[in-house]
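What you see below is based on every heavy atom in this structure, not just the backbone, and it leaves out hydrogens, waters and symmetry mates. Here is the naming used below: chain letters follow the sequence lines, and residue numbers restart at 1 for every chain.
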Amino acid sequence: MMNNNPELSAVHLDALREISNIGMGNAITSLAQLLDRRINMSVPLATFMPFEETIQLVGGPEELVSCVSVRLSGDVPGMVLFVFNSKSTYRLVDLLMGLDPGTTGELDEMGESAVKEVGNVLTGSFISAIYSLTALDIKSAVPMFAYDMLGAVLTSLMVASGRTEDRVLVLETRLFQEQAEASISGHFFMLAEPGSINKLIDALGFSMT
Amino acid sequence: MELAAKSVAEIQVGIADYKIARNPCRLITLGLGSCVGVSLYDPVTKVGGLLHVMLPDSTQFNNVSKPAKFADLGIPLLIKEMRAMGVNTGRLQAKLVGGAQMFSGLDDKLTLNIGQRNTEKSREILKRLGIPILAEEVGGNRGRTMILDTQTGDVLIRTLGNKMKVV
């Protein structure tokens, strides 16, 4: 059994970063196809941190964000989620609906479903990449959506998923699309339970001993 | 920055945390979603306390590292600390903010409505301790920032896109 406060070795964190890299690579390829735009991603971060600090990775607690989250069950209980700040959210809507950059300034029902669609595509392709890499049994629940204060959104999500112990594993990647008048940046998180971290690392051929 | 009349100290209360302050001071907790902010105020000594509750019931967990995370432990803890500061608990007045349901969608496991359970448990604990709830701004689907002003006992509530509300 693994201890309750897992501090993984550098090798294990590398393995997790690789998972994140492959999953996100697949996800942004799908998004690039959907938007017909080139999308970049940052080098993934794999670390343990108090869950409150995940908020600071994205922005201030009162910042307006959209968030799509999918709960995972099966071999890898946990959660994957994408967070976009409000500006990026509006730009995603512009791009998806073929509107001029800057047209969207608030999220109506149409806009909301456009953002949900982006979230679904991203989470779905992330999960399927992990699945083909590891052959683990990963079931994903229906996506959930929120559009409000960052702190309220992330905290509620972690409470609901039971991830409120002192430190959680965070795989984080930033995705961005640079364009003079319409850059988009988003944050991706995968939150996993200690047991599922073991399984992921095992499936990649690293042993946890 | 306007400093003149507004230089009242502001103390931030983190998630699963609590803070107590004497007048003049503002206690603030940012971005309450399903979490519930519980303010306690003694109008005579003007001592205020603010608690940011994440979960209703600690008895469902094996090891509890942070009592302030839970309504059932956090509220009594806050009261105990306030009493240690000379507050007569018979004068305490409570206000509750938060307990929202932030996410929409069909995943049952994520719509267990922890917000509502946080609110209900907080009410229950306060009732058991004989502390009246003067105001509530709970439920719904909006994130809220809560500020307790120790000068007046007022609680200010900020939601995105709306004017500050005072209860």
Side-chain angles (χ1 to χ4, degrees), chain A residues 4-5 50-56 58-73 77-79 81 86 105-107 109 112-113 115-116 119-120 123 139-167, chain B residues 12-17 28-37 52-56 58 60-66 68-71 97-118 140-147 157-162 164:
Chain A
N4 285 329
N5 187 17
F51 79 94
E52 302 97 294
E53 286 178 15
T54 57
I55 296 169
Q56 292 160 29
V58 184
E62 291 186 298
E63 189 175 339
L64 177 61
V65 298
S66 62
C67 172
V68 174
S69 68
V70 173
R71 191 171 48 81
L72 306 179
S73 56
M79 174 90 68
L81 54 132
S86 56
E106 59 182 354
L107 206 58
E109 211 169 305
E112 187 176 316
S113 47
V115 177
K116 278 183 191 162
N120 297 354
T123 49
K139 293 186 188 70
S140 51
V142 280
M144 301 291 280
F145 180 77
Y147 180 62
D148 210 303
M149 288 181 185
L150 172 65
V153 167
L154 281 193
T155 310
S156 305
L157 198 55
M158 289 185 202
V159 170
S161 62
R163 314 249 44 79
T164 61
E165 55 272 70
D166 288 340
R167 289 154 80 79
Chain B
Q12 202 163 315
V13 181
I15 300 159
D17 199 3
I28 175 165
T29 196
L30 301 168
L32 291 162
S34 64
C35 295
V36 167
H52 185 129
V53 165
M54 285 180 81
L55 289 162
S58 66
Q60 320 225 329
F61 293 82
N62 290 327
N63 46 10
V64 173
S65 56
K66 260 186 152 178
K69 194 190 280 184
F70 302 94
V97 172
Q101 169 67 45
M102 300 301 299
F103 279 80
S104 61
L106 296 169
D107 184 357
D108 295 344
K109 265 211 155 167
L110 274 184
T111 50
L112 283 176
N113 225 342
I114 295 187
Q116 194 183 332
R117 284 159 54 211
N118 278 332
N141 60 1
R142 301 298 311 273
R144 300 173 174 102
T145 283
M146 176 183 191
I147 302 160
I157 299 144
R158 187 156 61 217
T159 48
L160 291 180
N162 294 312
M164 191 88 92

Contact origin within B/Arg158 toward chain A - heavy atom pairs under 4.5 Å: both

Which residues pass the side chain to side chain contact (heavy atoms under 4.5 Å, CB included) test with A/Val58, not counting sequence neighbours? A/Val83, A/Leu150, A/His187, A/Phe189

Whatever's closer than 4.5 Å to a heavy atom in chain A on B/Leu32 counts as backbone

Minimum-distance pair of heavy atoms, taken over all atoms of A/Ala160 and B/Ile114: CA-CD1, 3.8 Å

Shortest non-hydrogen contact from A/Val153 to B/Phe103? O-CE1, 3.5 Å

Highest number of heavy-atom pairs under 4.5 Å with chain B: which of A/Leu64, A/Ile55, A/Asp148, A/Val142? A/Asp148

Could you grab the distance from atom CG of B/Asn141 to atom OG of A/Ser156, nearest 0.5 Å is fine? 11.0 Å

My understanding is that only residues two or more places apart in sequence, or in another chain, count here; which of them pass salt bridge (Lys or Arg N to Asp or Glu O under 4.0 Å) with A/Glu53? none

Gap separating the CE atom of A/Met149 from the CE atom of B/Met102, nearest 0.5 angstrom: 8.0 Å

Shorter than 4.5 Å, heavy atoms on both sides: which option in B/Leu160, B/Thr159, B/Leu30 has the most such pairs with chain A? B/Leu160

